[in-house]
Engineer: 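Here you go, one structure.
Just so you know, these numbers use all the heavy atoms, side chains as well, and skip hydrogens, waters and symmetry mates.
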Amino acid sequence: MVEKRIEALQSIQSKIDSLPKEEERTEEYPVRRAPDVVLFFSFDIVNSTAYKTINYYGWAQVLNLLFKELRRDVGNQIKSSEMWRVLGDEAIFIVKIRDEDELCEYVSRIFRIMVSTIHRLKKGEFFHFNKNFNMMKIQNILSLKTAAWLAAVTDVGDIGNGDVLLENADNIFERYQSPEGHDIFEFLGNDIDTGFRIARHTEEGRMILSYELAYLIAQKTGSLSCLHIITYRRLKGIWNDRLYPVIWYHDPKAYCDFYKKELELQDSFTFDVCDESEHIKEYYDNRELGKGEKIIRDAEMYTNPLYALNKILQDRELAEKVEGLQQLIKEATYDQTRFINTELMQIHCVAVCFKETEEGIKILVAKRADGRQKHKGAWEFGCAKAVIDKSIAQKIKDEYLQDFHIEIEPILDEMREIKEPVPIALYQIAHSSRASEEEKMDKGIITLARIVGDFDPKDFKPNEKHQEVRWITQAELPDIEKDFPSKVPDFELTLRQAFEKIKSLSGE
């Protein structure tokens, strides 16, 4: 009997051993990255329908400008954010989370963007372009309300590629094309639904948070004081229709620039707010002793956010989920892949940066960070990406200054009216690290750039892109394989071509 069991176990182990290892997996066994923890946040324009009715001929210009300004402010303050979609008068953004302190900072910035935009609306900054400025300002009833929530998202890629998701996923991101050829990006899952449910329980000038988001930022003392439990509501389909906390985020310091003082939550209410808002009426009633029967009898579930969040964690058995989110954030690595990527192709611009010294020509090379999705730990020359609103030369200068803290002057084609860098080689690279997009190739150019001023590689501080830099001279070329075992394609050839081109520039 024992021998039969051993034979059965050996048979199972043999089947396991025959499965492809991580580095051997093919499209039949697709390798999936760990889920990304994504912060979703939305700005919803309040009273937009009524405003459109009042200002029949001018509302489109106002709302168009308002959305543009929101997108600009979010892009400036939350650099890696993306706009997912605009639904009616609501703009929804996303950003991957890599650190819990970063999460707290993002929530604070979202609230400040809302407060700042409302202030600008009240001052009439969005109406100056219109000849009926005074009338549109007088009739202005527009404002904003905001919601933010978290989800662990698994990218399942293009749903048309035939891959089957082999593991469980709480929430997924998928992309596909409409019959007309338009790219469509969709997030699906219970946590995504929760976000849209809670968004119905915020109001003008208020920002609501999902439970998981509130719990995570509550662990930071500075953020805990900004959390206020307004009431509890049943949200359809969420937590089996059991009570869910309505948590508003309010940062008193966000008002200092406009009112020259901090503004506490209760101080931000108008005198007749309880007549206008059922949520705020409940907020006061829930804190007033002897005020009728409350849906929850434990007073601390209203007045002590940390106590309430921990009690909910225990009673709703959410510890495993929250710990999972914390672990994913802790293990997250830097990558530049985006969910909402509508680009058909990118132009990569590599600058081989050099310095002419008494000892000869030195070229700067950089080792990619281990957290990069492509060529992790490989030696390269750095890279910028062309953009529509800057010259290639300027973009290279800007990005190399940002990445390496060096000032460079690209070698330009002085013979042409439009002076751009002289390419010494062209190349192409996979558009994405996702297996389903291997056939899409970005194009790249390799140019030369002279380093201005002094630069010592010892002063370089590792960052999200690169972990080390060093000089290399032409005399070291024979030892390339030994000194640089991991490198990007054509690394040695690029070096040889660069040295020869630099010599020709100096007339050697």
Side-chain angles (χ1 to χ4, degrees), residues 32-42 94-108 110-111 146-155 167-173 187-199 201-202 207-250 296 298 300-333:
R32 298 287 183 188
R33 294 189 304 143
D36 288 297
V37 176
V38 179
L39 173 64
F40 293 77
F41 55 101
S42 67
I94 59 172
V95 60
K96 295 178 183 179
I97 300 301
R98 301 289 179 247
D99 179 84
E100 287 189 41
D101 289 328
E102 176 184 74
L103 178 62
C104 294
E105 180 62 25
Y106 285 165
V107 171
S108 173
I110 294 164
F111 184 80
T146 306
W149 64 97
L150 278 181
V153 177
T154 299
D155 187 347
E167 66 269 19
N168 293 326
D170 294 326
N171 308 277
I172 64 172
F173 171 76
F187 290 92
L188 302 171
N190 189 259
D191 293 317
I192 314 299
D193 295 341
T194 298
F196 290 112
R197 295 279 191 272
I198 66 167
H201 295 278
T202 186
M207 177 176 175
I208 192 170
L209 307 184
S210 67
Y211 167 80
E212 292 83 3
L213 176 55
Y215 182 90
L216 289 185
I217 70 171
Q219 310 312 305
K220 309 294 181 180
T221 306
S223 296
L224 176 61
S225 62
C226 297
L227 300 180
H228 302 268
I229 297 180
I230 304 302
T231 187
Y232 292 82
R233 292 287 174 85
R234 301 183 192 278
L235 306 182
K236 185 178 180 181
I238 308 302
W239 291 359
N240 294 321
D241 295 338
R242 292 185 289 180
L243 289 175
Y244 191 99
V246 175
I247 306 170
W248 285 0
Y249 180 94
H250 181 91
I296 294 176
D298 186 346
E300 284 199 274
M301 293 298 289
Y302 300 104
T303 58
N304 187 337
L306 188 59
Y307 168 85
L309 291 167
N310 286 325
K311 180 68 172 170
I312 292 169
L313 186 80
Q314 172 186 317
D315 293 352
R316 294 288 188 258
E317 299 180 342
L318 294 169
E320 183 178 351
K321 179 178 183 180
V322 170
E323 288 170 5
L325 288 170
Q326 291 175 312
Q327 190 64 27
L328 285 173
I329 294 173
K330 183 178 180 181
E331 295 173 353
T333 57

Engineer: Among residues at least two apart in sequence or on other chains, which ones pass salt bridge (charged side-chain N to carboxylate O under 4.0 Å, His left out) with E100?
Structural biologist: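 E100 satisfies salt bridge (charged side-chain N to carboxylate O under 4.0 Å, His left out) with no other residue.
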
Engineer: Using ring-ring contact (aromatic ring centres under 6.0 Å, His included) as the criterion, list what pairs up with Y244, not counting sequence neighbours.
Structural biologist: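 Y244: ring-ring contact (aromatic ring centres under 6.0 Å, His included) contacts with W239.
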
Engineer: Who passes side-chain contact (heavy atoms from CB on, under 4.5 Å) against L328, sequence neighbours left out?
Structural biologist: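 Only A34, P35, V37, A152 meet the side-chain contact (heavy atoms from CB on, under 4.5 Å) criterion with L328.
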
Engineer: N171: which residues meet the side-chain contact (heavy atoms from CB on, under 4.5 Å) condition with it, sequence neighbours left out?
Structural biologist: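 In terms of side-chain contact (heavy atoms from CB on, under 4.5 Å), with neighbours along the sequence ignored, N171 is linked to A151, V153, D191, I192.
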
Engineer: Which atom pair, heavy atoms only, marks the closest approach of A169 to I172?
Structural biologist: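 Nearest pair, atom of A169 first, then I172: CB-CG2, 3.7 Å.
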
Engineer: In Å and rounded to the nearest 0.5 Å, what is the CD1 to CG distance from I229 to N304?
Structural biologist: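 Here the interatomic distance stands at 8.0 Å.
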
Engineer: Indicate yes or no: at least one non-hydrogen side-chain atom of Q326 is less than 4.5 angstrom from one of I329.
Structural biologist: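 No, too far: nothing below the 4.5 Å cut-off.
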
Engineer: Might you point out which heavy atoms bring W248 and T202 nearest each other, and give the distance in Å?
Structural biologist: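 Between these two residues, the closest heavy atoms are NE1-CA, 4.0 Å.
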
Engineer: List in chain and number order the residues that pass ring-ring contact (aromatic ring centres under 6.0 Å, His included) with F196, two or more places apart in sequence or in another chain; answer none if no residue qualifies.
Structural biologist: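 Scan of F196 (ring-ring contact (aromatic ring centres under 6.0 Å, His included), adjacent residues dropped) gives W149.
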
Engineer: Any salt bridge (Lys or Arg N to Asp or Glu O under 4.0 Å) pairs touching residues 224-240, not counting sequence neighbours?
Structural biologist: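 Qualifying pairs: R233-E282.
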
Engineer: Sequence neighbours left out, cut at 3.5 Å: what donor-acceptor pairs do the side chains of residues 212-220 make with other protein atoms?
Structural biologist:
| residue | atom | partner | partner atom | Å |
| --- | --- | --- | --- | --- |
| E212 | OE2 | K321 | NZ | 3.1 |
| Q219 | NE2 | Y215 | O | 2.7 |
| K220 | NZ | D101 | OD1 | 3.2 |

Engineer: Going by ring-ring contact (aromatic ring centres under 6.0 Å, His included), name the residues that satisfy it together with H250, two or more places apart in sequence or in a different chain.
Structural biologist: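 Testing H250 for ring-ring contact (aromatic ring centres under 6.0 Å, His included), a comparison that skips the adjacent residues, returns F111, Y255.
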
Engineer: So I208 and V246, do their side chains get closer than 4.5 Å, heavy atoms only?
Structural biologist: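 V246 reaches I208 side chain to side chain.
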
Engineer: State, to 0.1 Å, how close P305 and L224 come at their nearest heavy-atom pair, and which atoms those are.
Structural biologist: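 Looks like CB-CD1, 4.3 Å.
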
Engineer: Atom OG of S42 and atom CD1 of I94: how far apart are they, to the nearest 0.5 Å?
Structural biologist: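 Going from OG on S42 over to CD1 on I94, the span is 13.0 Å.
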
Engineer: Between R197 and D193, does at least one N-O distance fall below 4.0 Å, as a salt bridge requires?
Structural biologist: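 Answer for the salt bridge query: no.
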
Engineer: Listed by chain and number, what are the side-chain contact (heavy atoms from CB on, under 4.5 Å) partners of E102, not counting sequence neighbours?
Structural biologist: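 Scan of E102 (side-chain contact (heavy atoms from CB on, under 4.5 Å), adjacent residues dropped) gives I97, R98, D99, Y106.
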
Engineer: Quick one: does L243's side chain get under 4.5 Å of I296's, heavy atoms only?
Structural biologist: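 In short, these two side chains touch, coming nearer than 4.5 Å.
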
Engineer: So do the side chains of V107 and Y249 get within less than 4.5 Å of each other, counting heavy atoms only?
Structural biologist: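 With C-beta onward as the side chain, the pair touches.
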
Engineer: Does any part of the side chain of Y307, heavy atoms only, come nearer than 4.5 Å to the side chain of D298, both counted from C-beta?
Structural biologist: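 The answer is yes, as the side chains (C-beta and beyond) meet within the 4.5 Å cut-off.
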
Engineer: Got a sec, which residues hit side chain to side chain donor-acceptor pair (under 3.5 Å) with N190, two or more places apart in sequence or on another chain?
Structural biologist: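 None.
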
Engineer: Among all residues two or more places apart in sequence or in another chain, which pass the side chain to side chain donor-acceptor pair (under 3.5 Å) test with E331?
Structural biologist: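 E331 satisfies side chain to side chain donor-acceptor pair (under 3.5 Å) with Q327 once adjacent residues are dropped.
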
Engineer: Holding to salt bridge (charged side-chain N to carboxylate O under 4.0 Å, His left out), I want the full list of residues that pass it with D241, two or more places apart in sequence or in another chain.
Structural biologist: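 By the salt bridge (charged side-chain N to carboxylate O under 4.0 Å, His left out) rule, D241 matches no residue at all.
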
